[in-house]
Amino acid sequence: WAMAKREKLLALNSTLEFKLHRLYFISLLTGGVINQIEALEYAKNFQPFAQQHQRDIQVLMGSLVYLRHGVANSPYLHLLDANQWADICDIFTRDACALLGLSVESPLSVSFSAGCLALPVLLNIKAVIEQQQCTGIWSQKDELPIEIELGKKCWYHSVFACPILRQQATESNPPMKLICGHVISRDALNKLINGGKLKCPYCPMEQAPADAKRIFF
């Protein structure tokens, strides 16, 4: 599978195919001198990866010197680390999901975990709002009253929130870059137009509204 998908995997900077060859080569080393010829023949599979993994290949070739005494009794004992099989499973899962356009983690699991982090904060905010009798300040169904930090584990893509209107950008209200470099939402831009001119809310720069450019995150 990895060889058939080589070009696509290389586009992802994947090391999957090389590490699979490496693990098989190591399995031949554990057989001792009897597998020496087969190991040397199999080493030809490293040729496409010589430039990118030169150091790793040199280590593998050096371990052949110790076949007679056993790799387990040599300076190359680290090659027999059993954790490599768990690592290759993780790499295969990640790369296979990337090629299929799927998330490695279950979307339901991610949503549930994020909800567990955010819900206590929202409940506290709800209690404060009710105590202060200011329930009317939060009426939007598609936005949160404050930003809730979920940690880097839940960062999947960049999100722009307009610093003027405090709203998250959408397809109908995208972020717009002014000629001075400041970025606001399109709705905020339209509200700031005065007499056919647009003054940046953060600096003295003025411009024509048409000069603003939409940007993508």
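- Shown here is Leu123, whose CG atom has more than 12 heavy atoms of other residues, nucleotides or ligands within 6.0 Å.
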* To do: Apply side-chain contact (heavy atoms from CB on, under 4.5 Å) to Leu40 and Ile37, showing your working.
  => CA-CA 5 Å; Leu40 287 170; Ile37 296 177; 5.6 Å; no
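- Scanning all heavy atoms of the two residues, the minimum distance from Leu165 to Ala188 falls at CD1-N, 3.6 Å.
- The line from CG of Leu60 to CG of Leu29 is 7.0 Å long, rounded to the nearest 0.5 Å.
- Cluster annotation: Ile26 and Phe92 are assigned to distinct hydrophobic clusters (Ile/Leu/Val/Met/Phe/Trp/Tyr, side-chain heavy-atom contacts under 4.5 Å, transitive).
- Hydrophobic clustering, defined by side-chain heavy atoms of Ile, Leu, Val, Met, Phe, Trp and Tyr closer than 4.5 Å, leaves Leu10 isolated from every other such residue.
- When hydrophobic clusters are built by joining Ile, Leu, Val, Met, Phe, Trp and Tyr residues whose side-chain heavy atoms come closer than 4.5 Å, directly or via intermediates, Leu189 is not grouped with Phe160.
- Pairing each heavy atom of Ala2 with each of Glu17, the nearest pair is O-OE1, 3.8 Å.
- Sequence neighbours left out, not one pair with a member in residues 197-209 passes side chain to side chain donor-acceptor pair (under 3.5 Å).
- Rounding to the nearest 0.5 angstrom, the gap separating the CG atom in Leu102 from the OG1 atom in Thr93 is 11.5 Å.
- For the pair Met176 and Ala212, the tightest heavy-atom approach, listed with the atom from each and the gap, is CE-O, 3.8 Å.
- Between Phe18 and His53, the ring-plane angle classifies as parallel under the 30° and 60° cut-offs.
- Linking ILVMFWY side-chain heavy atoms closer than 4.5 Å, directly or via other members, places Tyr66 and Phe25 in a single hydrophobic cluster.
- Residues Val104 and Val110 do not share a hydrophobic cluster, defined by chaining ILVMFWY side chains whose heavy atoms lie under 4.5 Å apart.
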Donor-acceptor pairs are to be reported for all side-chain atoms of residues 82-90 against protein atoms at under 3.5 Å, with residues two or more places apart or in another chain.
from  : atom 1 : to    : atom 2 : distance (Å)
Gln84 : OE1    : Arg22 : NH1    : 2.2
Gln84 : OE1    : Arg22 : NH2    : 3.3
Gln84 : NE2    : Leu79 : O      : 2.7
Gln84 : NE2    : Asp81 : O      : 3.1

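- Considering only heavy atoms from C-beta on, Pro201 comes within 4.5 Å of Ile164 through its side chain.
- Asp95 contributes atom CG, which lies 10.0 Å from atom CG of Asn13 (distance to the nearest 0.5 angstrom).
- Around atom CD of Glu149, more than 12 heavy atoms belonging to other residues, nucleotides or ligands sit under 6.0 Å away.
- Closest of all the heavy-atom pairs between Ser172 and Pro174 is C-CD, 3.5 Å.
- Around atom CG of Asn124, more than 12 heavy atoms belonging to other residues, nucleotides or ligands sit under 6.0 Å away.
- Leu80 CG to Ser63 OG: the interatomic distance, rounded to the nearest 0.5 Å, is 9.0 Å.
- A distance-only check finds a donor-acceptor pair linking the side chain of Asn173 to the backbone of Asp187 [under 3.5 Å].
- In the hydrophobic clustering of this structure, Leu67 does not group with Leu23; members are Ile, Leu, Val, Met, Phe, Trp, Tyr whose side-chain heavy atoms approach within less than 4.5 Å, directly or through other members.
- Of all heavy-atom pairs between His182 and Cys200, the closest is ND1-SG, 3.3 Å.
- Looking only at side-chain heavy atoms (C-beta outward), Val33 and Gln36 come within less than 4.5 Å of each other.
- The only option from Leu198, Leu192, Val183 that meets the side chain to side chain contact (heavy atoms under 4.5 Å, CB included) definition with Leu178 turns out to be Leu198.
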* Asked: Which is it for Arg214 and Glu171 under the salt bridge (Lys or Arg N to Asp or Glu O under 4.0 Å) test, yes or no, and what are the steps along the way?
  -> CA-CA 11 Å; Arg214 177 176 179 177; Glu171 282 296 320; 3.2 Å; yes
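- The backbone N or O of Tyr42 lies less than 3.5 Å from a partner atom in the side chain of Asn45, making a donor-acceptor pair.
- Between Phe46 and His21, the angle of the ring planes goes over 60°, which puts this pair in the perpendicular group of the 30/60° scheme.
- Side-chain contact between Leu9 and Trp1 is present, with heavy atoms from C-beta onward closer than 4.5 Å.
- Taking the side chain as every heavy atom from C-beta outward, Gln54 and Phe49 never approach each other to under 4.5 Å.
- Here the side chains of Val71 and Thr30 are not in contact, with every heavy-atom distance at 4.5 Å or above.
- Between the NZ atom in Lys191 and the SG atom in Cys162 there is a gap of 10.5 Å [rounded to 0.5 Å].
- Looking only at side-chain heavy atoms (C-beta outward), His78 and Val59 come within less than 4.5 Å of each other.
- Looking only at side-chain heavy atoms (C-beta outward), Lys5 and Ser14 stay at 4.5 Å or farther from each other.
- For the pair Lys19/Ile91, a side-chain contact is recorded, criterion being any heavy-atom separation below 4.5 Å from C-beta on.
- Interatomic distance, Ile57 CD1 to Gln52 CD, rounded to the nearest 0.5 Å: 9.5 Å.
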